[in-house]
Structure formats: C-alpha cells, structure tokens
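Everything below concerns the one structure shown next.
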Amino acid sequence: MPSSHDWINKPLGVVEAMFAQSNSNPEWEAKVLEYFKGQLKEKESHSWVPSLNDVPLHYLKPNSLVKFRCLVQDMFDPEFYMGVYETVDPSTKANVLRCGKYKDVTECGVDLNSRNTVTAERQTFYCVPIPGESPWAKESYGCSSQARVVPSTSYVPSRQKRSYEEDDDMDTQPQKQREPHTEPHGNGDSKRQETEAPSSQTTAPSDCSSHLDLNFPLPGERGPACLVKVYEGLDSFKLNDTLEIYGILSVNPVLTVLGEEKDPSLLLLNPTESMETPEEQRAHDPPASLVPRLHMLYARPLQHNNPLLPSAPTEDQSAFVSSFLVEMASVRAELLAYLTHVLLGDGLAAEYLLLHLISNVYTRRDVLPLGKFTLNLSGCPLNSYTERLYQIVQQLVPCSYRLSMSLHTMNSMRLVPKKDYVANRLVSGALQLARNTSLFLDETQLEQGQLDSSGVRNITALGNLISWQKVDYDFSYHQMEFPCNINVLVTSEGRSLLPSDCQVPLQPQVTPPNMEEYLTTIHMAQFTSQINKFRVYLSLARTLDYSISDEVTKAVEDDFVDMRKDDPQSVTAEDLHRMLVVARLLSLSLGQTTLSRDGWMRAKHIDMLRRSRTEQQKSLNGNEP
Amino acid sequence: VSTSPTDYHSPNTKTVDMSSPLMYGTPSSRVEGTPRSGVGGTPARQRPDLGSIRKAPQVDLHSDADGAVASEQALGQKLVIWGTDVNVGTCKEKFQRFLQRFIDPASNEDENAGLDLNEPLYMQKLEEISVVGEPVLNVNCSHVQSFDADLYRQLISYPQEVIPTFDMAVNELFFERFPDSILEHQIQVRPYNALKTRNMRSLNPEDIDQMITISGMVIRTSQLIPEMQEAFFQCQVCAFFTRVEVDRGRIAEPAVCRNCNTIHSLALIHNRSAFSDKQMIKVQESPDDMPAGQTPHTTIVYAHNDLVDKVQPGDRINITGIYRAVPMRENPRQSNVKSVYKTHIDVIHFRKTDEKRLHGLDEDSDQKLFTEERVQILKELASKPDVYDRLSSALAPSIYEHEDIKKGILLQLFGGTRKDFSQTGRGNFRAEVNILLCGDPGTSKSQLLQYVFNLVPRGQYTSGKGSSAVGLTAYVMKDPETKQLVLQTGALVLSDNGICCIDEFDKMSDSTRSVLHEVMEQQTLSIAKAGIICQLNARTSVLAAANPVESQWNPKKTTIENIQLPHTLLSRFDLIFLMLDPQDEAYDRRLAHHLVALYYQSEEQIEEEFLDMAVLKDYIAYARTYINPRLNEEASQALIEAYVDMRKIGSGRGMVSAYPRQLESLIRLAEAHAKVRFSDKVETIDVEEAKRLHREALKQSATDPRTGFVDISILTTGMSATARKRKEEVARALKKMIQSKGKTPAMKYQQLFDDLRGQSEAAITKDMFEEALRALADEDYLTVTGKTVRLL
C-alpha cells in the first residue's frame, strides 16, 4: 500500500527532520526539495498523491502532501515570514530553534527579539482550477489517481454550506467519490450555467454567511481555489501559467480566526492592522476551510492538459509519440470523417476545423504571433446547432469555453481582468484562460441592438485577442499586456464582425430534419476508445516540431511570384501568411515535421477551394463588403 | 500653527483648568515658548517617520563582550549606539563638515537653480531656510556618498540612529549661523536618492530597517489618520497629570498616581494628548520595471506630518524611506501566531517624477541610467556611417520593405529639438513629428503601429473606432470613495513625451478628431468642464493610420478624396505616406522570401533580433535625453534654399507648393536626423535627408492625379489647383445656363442637372454639379431647398 509513505502523509516531519540535522546550515532547504523531487520521480509515485481537484477538501488530511492542477490567477505581494525562529519553553526556559518554512502558524512562545530569527521571503499565488476544463479531462485525471483517501475522523467537516449536496453525496457513498457522475459537471449543467448571468460567480448556493467570490475566470465554475505559498524560483512563474503543484496542505482554522477577530479599539494604536480594508482581508485571507493554503514543494508546468498523454517530457513520452506517429494518418482520416458528419457533410469545413483545433502560437516575432489560426465558420444553421457543435468540440479538447455573444452578455460580462485596488486583487474575466484553450465564440446569438461602452470594450478585447493574441488587463491607471495562446473559433451567420484569419462558409450537404437527433446519433456512434484517440491526436499534433527546407522555401517563393504575376490583386502578403500557416498545420496534422512540395500544393489547393467558396458567397449576397 | 504668547501655559508648573476653552486647541498649542530662537528655544518636532526613537543606549566598546561591532576604535570614540557602529560625536562632526564643505559644480538639479554652484551647496540651502522659514533640509545621498563613503554607509544602514544625529548637527550649525531666525520647529534632515533607485521587486529581507529609495505609482491614499505620539493621563482624584510616550504602538498606562498614590485613578485625556498626522499610501511598481507576464507589486507607505496629502493617486513618485517589517500582532488569547510580517515603508522624502512635466521644463523625468558600457556601445553604433540605415532596418523587421516609411517613423521616434519662444510670445515650438500612414487595408499598417507602441516607453495605442473625444483627452470623474472630482487623463495626455498611435484614423468621429487640432500644433489640451478649467501638456507625436474610404486606394483620386479627412488636420502631419502594394515581380520575390523566413527562422536568429530591439530602445532614449542638436550656418542656408525651391516649383504654375509649416517640418526632420547621428549640430547632410524624405512623402501623397505634379495645396486646402480651376469653370457654365433660361424663379434639381450634362462636353458628375450649386449659393445667386433650386 502506497499510503504507508510518510512523505505523503507527514511531509512536515520530513522537513523538520532535515532542518534539525542541518544545524542551521542553509543547504537543508535545497536538500528538502531534492528529496521530494526524487520521491516524485519514482514511477507512478505522483499518482499516489491525492489531488485537490478530485478529492473534496474535508477528505484530505491537513499537513499532508497534495497536488493541485491549476492556473495562476493572481500573484499577491511577496511577504516576509520567520524562516527560523526561537521559542522559549515557559517551564524549562530552554530556547529551541524552529523552522517556519512551509507553515502558516508558529509554535507558541516565540521570542521575537531573538538574534537567531531569520526572516525569509515567500510569495502567495492565487490559483484556481484550470478554467474550462472539459468533463472528460477531469474524469480521466480522477480515474488515474491511485491515492487512497478515507474520511479522516479527526477532521470534522467544518465547511460551510458551499457544496451541501456534494457533501451529502460523499457521505453516503464515499467509495464512489471519484466516479464521474457524482461530479456536478455534466454537459447540461455547464450549459445551463453559461446562459446564466455572470454575476452568479459565487458557487455558494445557499444563504451562507460568507459571500466569498472565489474569482474564477469563467462563470459557473466550481472547485477549490487555493492560496499557494511559493518559496523558490519566484521569477520563473508567470500569470496564467498552468501548473501541477505538489505541496503541503494547510487548513489551520487559526488562519480564519486571526482574520475575523478585530478589536476596533486596537486599530488606532496598532497601525499594522489598519492597513488592510475588509475587502482586501477577505480576498487575501479567506477562511482556510474554503480556500486552503498550499505550501509549494514542487511545481511542474503543464505543457498540455491532456490526461491521456504522458505528462512529463521524458523518454516514455518520446516513445509514446513515435508509436503514435505511425497511426497518425489513419486517425486523421477517421477524425476528418467524424468532423465531416458533424459539419453536415461539408468536408472542406471539416478540414479547416481540424487544422484550427491543432493550431498553436509557437512563437512571436516582435508583435506578430505566429501560428494562430482563428477560424470563422459562417453560414451556421440556427437553432442550437452551434451549441451542439460546441459540445462536440468540448469532447475533443481538454479545455474549452463557449461564449455566447448575445447583446446582453457582451454588455454585461467582464471579459478582461481588472485590478481591484480596494481588495488589491486581480478580478478575473472570461479571457483569462490557460494556453491552448478553445474559445468558441457564438455569434449566431447576437441580435440587433446597441452595445454600450463596456460592450464596445469587450468586442475590442476580443478583436485584440484574435489579431494579436494578447489581452490588455485593466490596471485602471494603465493597461498591461498579457500575451496569450487561445484558439478562437467564431460561428456566425454571415461574415463575422470580428477579425479572423480565415473564413469558411459552411455548405451543408445534408439537411437532417431533426438536427438534435442527427448530431446525437453521430456522437453516440463513436466509441470512447475512438474519441480518446482523437483527443490524443489533437494534443499531440500541436506539440510536434516543424521546419521548412531551403528547397521548398524556394518553391514557395516562386509560386507566390507566379500567382501574383497573373493577378496581383488576387494574392496579397496576407494570403501568403495564411497559406504558410495552413501548410504548416496541414503537414503537422499528417504527422510530417517538414513541409514538402506536396504539402504546399495541398495547402494551396484547399485555400483556393475555400476562396472560391467565399467569392461565391459574396456574389450570392451581393453587396457584402 | 503658531501660538501667541497669551495662551501660553506652562504645563509643568500650573494646573490647568480643563474646562477652559483655551485648552481645546490643537495639541501644538502647548508647544514651548514664542518668540523663540536658538537650538534651545525652537521646539523639536517628533519624527514619526523614523519610528519611535528609542532612547538608544550607548555602549562602551571596550566593555562590550562581543566587541565585533566597531570599525573605528580610535581613542575618544569608544561610544557607539547599541547595535550599530555609529558614534554620535563623530557622525555629527562629519555631517557638519559635509554641510560646510560640499560643493558640486556639476549639479544640474532643478532645485539647485539659482544657487552658486561654486559655494558650499548646503550652506546656501540653510540660508534659504533662514529666509523662507521652512525647516526642512533635503540632502542628496549621492552627495554624501561622494563626500564621505563611510558616513553614507552608516546613513543607509542605520537611518533611525543617524538621521536624528544629522538633525542635531544641522540645528547646531544653523542656529550658530543664524541665531536670530525663528522657525516653527527644528530643522529636519530629509535624505533622498539613496543608492541607485531601487526597484520595488528587488526589496528583500536584508533591506529591513535600512534606508531605501524606490519608484512607483500611487494607487490609493487613505484618509488622514491621527496617530497618538504622547498620551496625556490625568488623575481623577488629585488632577495630577503625566505624559506617556507611545512606544511601538503601545501605551503603558500608569497604574498608580505618583502624587496621591491612588490606584487606577488615571484617565486618558484625548485632547491634551499629542497626535501626529499619518496617511497610508499604496504604491504600485511602475509598469516599466516589471518583468513580462507578472502582476505589479504593491507596497504600503506611511507618510507623516507635512508629507500627508503631498501625493495623489496616479502620481509617479520616488520614495525615500525606511523599510519596516512588523510581526503580526500577538494575541494573548492565542498561543501561536501567524509567522508573517507586515511590511511597509516610513517615508522620509517624496519626489514626484512627473512633477517637472507640470512645470514644463524638460524631459529627463524618465531619465534612464545608462551604464558606461552601454553608452560606449551606443556611441560606437552612432559613429558608424550607416547608422541611419541600420536603425531603420532594425525597426519592425517583420514588416517588409517600406524603407522610407520606416525612416520617417525612426525620425519621429527621435523627434526634433524643443525650442521655447514663450518669451517672444509664440510659445513652444512643436518638436514632435507627426506621421500619417494611409493605404490599402492589409498592408501591415496596424502592425507597424503596434510595433512602435511596444517600442516606446510612453506609447499609447488607440483605435479610431474605439476612442471617443474624452478617451483621448481627459475627463472628469467622481471618485467613488472621496466623492471628489478628479481629472482622468486620456491617451493623448498619457503619451506626453511619447507617441500616440491611432489606428483607423478615418473611422474617428469628427468631434473626436477636432480635439487633435490643438494637440497636433500647440501641443496642449485645453479642458473646461465640470468647473475644471485647465491646460494640459500633450507633447505627443501622433502616428496615425487611415484606410481609404473605398476600401481600396483609388490612384485616380487625391489623398484627401481617398481618405476623406479634413485638410486642416492633414496639414498638421509632417509626413504622409502611402502604403500601397507595389506590383512588381522582384518585390514579390523578396516579400515571399521574407515571409517564409519569418515562419521558420530558428530561435537564435530571433534572439538576435530581440537584442536589437533593446539596443534600439536605449539608443532612442539616450538620444532623446542627451542630444539637442542646433542648426549650424550651412544647414540654415540649405534649409532656406530648400524652402525657396519648394515655393518656386509651384509658382511657375500659379500654385503655392510650400507653406511655413513645411519649413518647420523640414527643420524638425533635419534635427531628428542629427539626433540619429548623435550630433550636436544639424549639418547639411541632415537637411538633405530631411528634404529627400519630405519630398518622397509629398510625391506619394500630394501628387495631383490629374496632372501628375506635386501640389501641396491638396494637403493644405484639400483641393488641387487644377481641381479648383475646374470647379470654377463648372460653376460659371451653370450660371450661364441658368441666365440663358431667362426669368424662371424656381427650377427642378434633376432637370437642371440633366440640362447641364447635356450642354457640357466634359463629363459632369453629380458631385461636381452639387459643388457648383454650392459655389453659386455662396455667391447668393441661388438657394437649394430639397429638390428645387430658386434664384434669388
């Protein structure tokens, strides 16, 4: 049984033992990290560590090692703490040196004037579960975990009514807790939440006293938020990084009490207490039962959030990749067929959708993001087709979000994160997403009417996101630019009002009488193993390297010159940009890591097809600009 | 607050009647004797910024068991303040010597203006204090460092002990010199500019209790907090009173009255206790200091006494102060405490970095500190003969060709020399170069704008569609907290001394555009709304991009007709470039090569380019700060010739092809080019390049499509001379036609149009017809109402 591991159950014991051995030699800190890293390197060992994502908080033992898959939503100011301090035993008057690292609270009887006190620095990150994580990804992560958690008897679930139903659920059938259907993340559920007003951000369903806004980027999200205390490598973390954090869980109730108990008469005399506004206090020191503290021991940046792929870039990943490469072409064909069905028999649109799904900003040249491929599917049938389409996309990618661009949402929703100086935190917005999240903009929901100023700002933000792959966070005195890497898919009736890299008018070949039924049957017809293959395929194709040989470069150049010779208006630099991206994605989708002449010709060909289709559309619609 | 001698009560000798209204004054009313002078006579004011001054025990070094502290162990210098190596006597002496002797002939700080630089600087400042009566002496730490490095080290490491010593030293010196001067309280020393200005991010536990200087932006200020400095207790039984100083936020309440020995009889009398003003200020690190992808840090700062309310949210300031870390309050009811410290800075000195902007002095506010090597690299680069081409090609390498446009933008980045003619009544001359890019959609105009916006430190990027007049200028907002009206500045003001990039210039509403008229020539913004009337500086260069009205550039039309912008605005642009898609094979090939390379270039090559961008940034910053070229004789001659030539071109055909505005443009461009070369003189080559670039831009934008000649009147009056002539002709023909019809007071509009069309041999468009009608209406010959035309 792996549960006998002390390093998981009592990591603080390990830390303290090492501290005691060290005789205040500062090297012990590195040793601690080394030790935990080593333990986690062992085969499968990381799956023994319970995860905050799938195990409810009250099932976790305080001060045990847990992991958390999350997005860094906000970075608080660094804080100084007592790294080493001395306590005086009141009975024996003996001084004992203690270690304050990885802890929130000191032991009793601290000698504040001791010379041996060492002040150290750490920073707090506010982390939330990865926004828009698809249910299948959550489920799959949950299943792969081998951690045995039993409700700890010593820890009475003191949580407030935040997830009352969930608690009930768990208590009656503790063994089933990791099973997917107890998770309140069914399709219908998330869909319902999206259509709700974004003000329903707090997950508290009842009248519980703490109206704590957990500050999730997307409305209707659930899950634990966490205050992660970071000790090492502060500069290596960035906002919106996705990490898997291994750390020591701290839910000491003292943390809550300290915050709430305030003696107003002391405020006047003790200036340090008056520094924080109540809002700030609430944001920075929420009750530990709701927002646990996690003292980071080790963090692994997630290159992708696909549980079906090996996570670390190790040998077994490269083995995995090479074994899958063989299959790639066949999986692609199957996926293409599947998407063609979904897109009502339109093969070209399916091809483009496939390319869009594996696109990725792979680098930036000065301000220009390279590799982005925003797709605008125009001519989508109305009546919940787009909704269905989103569900299918959601089934394929690990993270996605559907933003229904109705007038109301555009006017009322907060898309761009904004700094709240009163609470001193970054209030999140729907565009604070992890890398490679699929953002599904549903423009078919847009009706005529007036956008107010916040609506205009939101549209501008979406435009910026699409053109430059960046979001300008609002810091009220200035804006700050955060680069992002989000796949944007716009579905619309006519041409979208947002810019896009490529517009494909949908030309349905079949018109099923009952759309719902049609799509459901297609969806049901796929086996899970098949879908899983698609999932792996999409994530993998994105990570492949790519290059163009000199020879092909030459051919491409010649081609471009030729095309322009005939009609300079027909091909512009913009078109070449797009065709190069298409060629890249096309090659990668076939598992080829270099551009071949054939690949280029194919890219040119499908682009021609697409263009003739848009031309056709234009002449049909007459005076469309 | 000064007190008159009448309400002077000596609290030590008299019992005071508490019911007397006299006692309900401010706490300072108990301040000691006036009139007063001399060290003894002038009251010392507490310095809460230094913390409660512990009555620091002095330690005899020789008896100190550790004995490790001392650095100087000369005879007679045995006593140091406990925990430090500061000996009060020596320290005082050193500082006095510094004040008396320090001379900085190279000083260029604006606050030293009017002082004789060859005399001891701080003695002059003391003299100033005696005249002005403001008992604050600001001391630049770098002066201390250059004078006595050891003293400086002590000041930085033990500010809490050393600054009071400095105070003591200054006051002794001052009252020795000016024994008769009367000050409100004793002089306080306020050091500033400690070390090199530090970044908020680099603060770490080692800085605790040391003096630091950081820069940042104020984001919140609190209400005034009265902080008790001294508590006043009075015995309820015998009215005996005692004072207790606050020590680290705590008051030790006396349990027993010393006079009558009653237990627990002492009560705190609030209005006789001494309070000091305090304000909590939150400072956020300035955006320039931040690594990409992280959020800005904030720090809490406490301002005390007269520093309260000195700064407002939005100010960029340099703060010198003492960094503090306070352990969280120990709660007697709890056995263990949170192991976190609260940190803040007790401010000693504020310095607004954008203060100078308000006074309109010069632009070294965002002065960057360049290291010696960096300057060397930059100078080396400047000495290369092809530096101009090098820099222009380093600009936005991902955008292909358009060499002249890049050169224009490069000159815009450098800008001309700022000239002040306010003495002669013309105000400031514009030094900023404005550029308009117009052309086909999809010719990477926006990308160029984005690049420039990312390159300059004070860039603003707006889109014509998304910005309103208030967004560009300034608006008045009610602060939700204080209910105070505050002026929020918009993009143009924010980009003062920078570049304001405006995309989709043509889509801007007319009212918004009209704001730009003032900005682009006078470089100021006048605001009169909600009772706030002011003029803000907006010395910003405008880089705008406009799309043609017909989505595609029509080469048969003039610039004005293509983009439909008022010519009054167009003439304010120094350079107007067309970004068209040249249709030629060699170009296509190079373009294709460039683009393909963009997509597969290796990491190292990209790395290289990033270095270029950093160098370019520094190069521009350096040139803008340090190089102020002036015209030399030859260059002036060359400019005059160029201008005369330009006017001559047109005069042959009866048109004016240049206006003084064009001459000013030429001068600016020539100066900017000299800046590129790091040259202090504008020489003939600069003028040549300015001429060439100006001509290129004109050739592109001011060519009359009908005649093929360059015609500046297209830009200045919105119409080429030939077009004007034609308009007159049509109007004349129309008038003739109407006259020939005899006495018909009203005519059908359409009828008239058809008639004119039938009569004229040249094709007459509806536009031309309407223009002719308008011209005749202006002559009061006819009026147009709806579809009928009436003669007058």
Side-chain angles (χ1 to χ4, degrees), chain A residues 74-75 77-82 85 100 103-108 110 112 119-121 235 238-239 254-255 258 268-275 363 365-368 370 421 424 426 456 460 468 475 477-478 480 482 547-548 553 556-557 560-561 564-565 568 572-574 576-577 580 584 625, chain B residues 204-205 208 217 219-220 225 227-228 249-251 278 280 282 287 291 293-300 302 314 325-327 329 334-344 396-398 400 442 444 447 450-451 454 463 466 551 581 583 585 588-589 591-593 595-596 598-600 606 613:
Chain A
D74 194 3
M75 297 164 128
D77 292 330
E79 59 186 19
F80 292 170
Y81 69 101
M82 292 179 238
Y85 59 93
K103 284 179 215 160
D104 281 312
V105 180
T106 58
E107 311 278 326
C108 41
V110 181
L112 286 173
T119 311
E121 190 179 7
D235 294 335
K238 294 210 157 82
L239 200 71
V254 174
L255 293 171
L258 273 183
L268 190 70
L269 297 175
N270 199 342
T272 55
E273 291 298 310
S274 62
M275 283 196 268
T363 183
R365 303 295 309 271
D366 36 79
V367 290
L368 196 70
L370 296 183
Y421 283 111
N424 194 15
L426 190 66
V456 173
T460 316
W468 309 110
F475 279 80
Y477 299 97
H478 57 94
M480 211 176 319
F482 284 89
S547 65
I548 308 177
T553 308
V556 170
E557 284 168 34
F560 180 68
V561 174
R564 276 182 68 93
K565 216 184 257 167
T572 61
E574 198 101 313
L576 184 61
H577 267 291
L580 283 167
R584 173 194 154 89
Chain B
N204 62 40
I208 291 174
M217 189 171 64
I219 52 169
R220 266 170 74 84
I225 307 165
E227 190 181 40
M228 190 177 279
R250 275 159 200 277
I251 305 169
K278 182 164 123 173
M280 192 257 280
K282 270 206 173 161
Q294 303 209 348
T295 55
H297 288 178
T298 53
T299 307
I300 290 165
Y302 282 116
V326 189
R329 176 166 53 97
Q334 256 160 11
S335 51
N336 37 19
V337 291
K338 245 170 139 175
S339 58
V340 184
Y341 294 97
K342 289 276 169 189
T343 53
H344 68 266
S398 66
Y400 187 60
S444 44
Q447 209 180 314
Q450 279 282 344
Y451 183 87
N454 279 315
S463 165
S551 82
D581 203 353
Q583 288 157 10
E585 192 183 320
D588 289 348
R589 181 167 297 280
L591 175 68
H593 183 79
L595 287 184
V596 179
L598 196 66
Y599 275 83
Y600 80 100
I606 292 168
M613 189 153 162

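Residue numbers start from 1 in every chain, and the chains themselves are labelled A, B, ... in the order their sequence lines are given, proteins ahead of strands.
Side chains of B/T343 and A/D77 form no contact here, defined as non-hydrogen atoms less than 4.5 Å apart. Between B/Y341 and B/I208 the shortest side-chain heavy-atom distance does not fall below 4.5 Å. Between A/Y421 and B/K282, every side-chain heavy-atom pair lies at or beyond the 4.5 Å cut-off.
With a threshold of 4.5 angstrom between heavy atoms, A/M75 approaches chain B through its backbone and through its side chain.
Residues A/L580 and A/V556 come closest through the heavy atom pair CD2-CG1, 4.3 Å.
With chain A as the partner, the residue from B/H297, B/M217, B/Q450 showing the most heavy-atom pairs under 4.5 Å is B/Q450. Each of A/F80, A/F560, A/Y81, A/F475 has some count of heavy-atom pairs under 4.5 Å with chain B, and the biggest count is that of A/F80.
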